[in-house]
Amino acid sequence: MSWTSIKKKIRDFFLYNEEERNARDFFIVEMLFRQSVGTLPFLFVSSFAVAGIFFLDGNVPRFAIVTWLSLLSLIILYRLRLQKIFFKSIVKRHKDVRWVETQYRRFFTFALLTAILAGISVPLFVPYLHNSYYIFGLFIFIVGIAAGAIASLFPSPILATLYTFLLTLPLIVLLFEKRDPGATIDALAISLLIVMLATIAHTTRKFMQRTRIQKQTINRKEEELRALFEQTPIPVFYFDHNLHVKKFNQAFKKFFGYLSEQDLTDFDVHKIPDKKIIALLESVIEKGEEVEYNGPFHGSFQNQTFRLHAKIVPLYNDDKEIIGGIASFQDKTLEAESIEYLEKLAAHDPLTDLGNRRGLLQALHRLVSHSEGKDLKHSLLFYLDLNGFKPINDTLGHNFGDRVLQEVSKLLRSLSPGAGNVFRYGGDEFVILYPRCCHTEEEARQKGISLAKEINHRLQREIAVDHYHLSMHASIGVIVITEDMKDPDEIIRHADIAMYQAKTHKSEYAFYSCDMDNERKKTFILRQSLNSPDLTKQFELYYQPIYTMKSCRIVGAEALIRWKHPKLGRLMPQEFISLAVECGEIARIGDWVRQEVCRILERTQAQGDILRFISVNVDTHELGDKNFTRRVRRQIEDFDVDPTRLVLEITENSLVDNFDLLQSNIRELKEMGISWAIDDFGVGYSSLSYLQRLSLSILKIDRSFIASLLDDPQTSFLVVHISQIATQLGYKIVAEGIETKAQLDKLLEIYPGMMCQGFFCKRPMNKQQFLELLDKEHRLIKEEKSGRTDSQKTRR
């Protein structure tokens, strides 16, 4: 094996196994140099002290002493120079791996040379020493250096171990060579001490490494926290008991305007103008509770007020004592302004520059949630819907319609200066709110009537766009808002109900009442029920007989529908027929009624002419259906009834309003043999030409004429002439609503050939009662015929 390979193996063992990491670890190398700063001067001084002892002994060759001391001193001085060079260069070259590695090698080499020179002092001088005290002093010198080496060289356990081994080996060998039990024990004790010191060095090194890693972790965390604290965009600072700023970040510095870092350090927060924040800081110190603040703040040194969000928490020491607080400030001015702008935009109608639906709800919420104004307890709300606005849009365009809405909004705003708030609720609907304007409800009603009339008066006169003067009209729902009304949605709903009432009755205004709400709820229930698949199972037909005036014989009946509603009880036709038309269910109801009537006619056909006809009311919408005649024909054919016994009734007004639409169906059904009757004749504005052109079968005089027949000569005159005209045109006449014998007698005087119908004759009855009445009538007729036959036989 060559000398080069031996050097390499030694080098690998001593340096490039475990120690290679140390050589490349600047921290380890630095620790070795720093720990030797105190030990090398001590070694230098103690070496001279030992040499002096040798001189005093006089037996030791002075040349050997001087040579040993000189070599050891030179090595120590060179190591001190290496220290100086290292500490001078570490700032610039601590990241230079090669340089660090070179420094380690030099330290390693000369440390071992120091151990060797110190250790050979034992075999070199002990043979000349005869004073046991001097020998003991030399041993103490060697062991002391070994202990010091362990304390200073622990960053490199291998170096520490080799150093103590080379230092103490001559001493241990010397003690073993004496073959004295005491010396052997001393050698073993020193060996054990060296092993213990090496173990301590190794353990200390591991502890140092863990401590170093923990310190690096802590330093890194501190650096991260410091960077986070400094670079966070939110102004943060902490303060002491006296409200002096102790530390702050850059954002906080900007937050305070032009103040320099020196001005802010230990700054007294009491100097800021806004005292609300000072009070919050003091409360955190006193109570130890976290606080937040959202609101205006005037605390910068730029004479600026802005919206602030502040969060302040107490700061504790290790003993859980409050030593100050931490505060974070956020400028929310832009955010607050944006939210305010968006809220305004959300509650604003851009077309008319009025509040919109959201704005109205906000105003009502404020009204019902504050009890301001102890005397003025009643408010007014007007809900307006412009009538006839859609034709304006359809005729002149939506741009023109928008300008009309703008003019209406200006007019409404001029009608409610100061206290009144105008809102565009949607489309052509407007709302005017007068909060707390009246002392009593009666005063509010009178004011509501006056304002509603004034609104319509000015709408009719003052709306002009371009060269068009528009006479507008509004249906106005009025509600008096009392102190017990707390739900804005309900208030608006009630006003809407009142507006719908005004529109339905074609009046200028209507005040809300509970009856309207009940009617609306009832209508809602009926609409839902009309869509039920079991609807017709809830219906029942009643029949009111029609008699001849002179002979008082039953000749016909009118079928009257009743609805046995599961929730609302028995309902009359006027309560649900119009809704059935709106819901598209009138055809289903009409088919069911005619089907039931056909069943009665089929059953009574065998009784001859006792029951000549049954009349059924037909709605205009059903009659205008192109499939109506086909459905009626199929029902007559299904039950095989005589079509002349089915009479269809249509009201006078519906006949006039829809004459051209209905006349073809009427004529087609007449050709089938079905008879027609005009119901409620006399209450409308029909032309007598309709009676002539259609040539229907029956004319029914409205009950309002019969009610005033005895008291009003003009009514009697009209009934006489209606009867004469109808008779001339070939109509049979039915007088409706006869309730007294006097009315019947008067009608007999006028025209004894007419038929009569009313409570005096017979009240409406159900199917079973009606059939029993017909059977009874049939028996009486048979008995009369039988009696006449017997009397004729007797006369013969």
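- Taking the six-membered ring for Trp and thresholds of 30 and 60 degrees, F539 and F576 have nearly parallel ring planes, at less than 30 degrees apart.
- When side chains are defined from C-beta on, Y509 counts as touching K453, because their heavy atoms get closer than 4.5 Å.
- For the salt bridge (Lys or Arg N to Asp or Glu O under 4.0 Å) condition, the pairs that include at least one residue of residues 522-540, sequence neighbours left out, are K522-E575, R527-E582, D534-K537, E540-K564, E540-R570.
- Side-chain contact check for R562 versus L560: some heavy-atom pair is nearer than 4.5 Å.
- Counting only heavy atoms from C-beta outward, the side chains of D489 and L361 approach each other to under 4.5 Å.
- Under the 6.0 Å distance and 45° angle rule, K276 does not count as a cation-pi partner of Y293.
- Judged by distance alone, with hydrogens and angles left aside, the side-chain atoms of N665 form a donor-acceptor pair with the main-chain N or O of L623 at under 3.5 Å.
- Note that CD1 of I589 and CG of D619 are 10.0 Å apart. Values are rounded to the nearest 0.5 Å.
- Checking side-chain atoms of S450 against main-chain N and O of K447 turns up no donor-acceptor pair under 3.5 Å.
- Side-chain contact between K377 and T482 is absent, with no heavy-atom pair separated by less than 4.5 Å.
- For the pair Q460 (side chain) and H473 (backbone), a donor-acceptor distance under 3.5 Å is absent.
- A donor-acceptor pair is defined here as one N or O able to donate and one able to accept, closer than 3.5 Å; such a pair exists between the side chain of Q743 and the backbone of E739.
- Relative ring orientation between H721 and F717 is described as tilted, the plane-to-plane angle lying within the 30° to 60° band.
- Checking side-chain atoms of S578 against main-chain N and O of Q574 turns up no donor-acceptor pair under 3.5 Å.
- Side chain of Y751 to main chain of Q724: no donor-acceptor pair is present (N/O by atom type, distance under 3.5 Å, no hydrogens or angles).
- In this structure, R763 is positioned above the aromatic face of F759, its NZ or CZ under 6.0 Å from the six-membered ring centre and within 45° of the axis.
- Between I750 and L709 there is a side-chain heavy-atom pair separated by less than 4.5 Å.
- Between Q757 and Q544 there is a side-chain heavy-atom pair separated by less than 4.5 Å.
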* Test S475 against D385 for side-chain hydrogen bond (donor to acceptor under 3.5 Å, both in side chains), laying out the working first. => CA-CA 5 Å; S475 298; D385 180 78; 5.4 Å; no
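- One finds a salt bridge joining R403 and D466 here, because a Lys/Arg side-chain nitrogen approaches an Asp/Glu carboxylate oxygen to under 4.0 Å.
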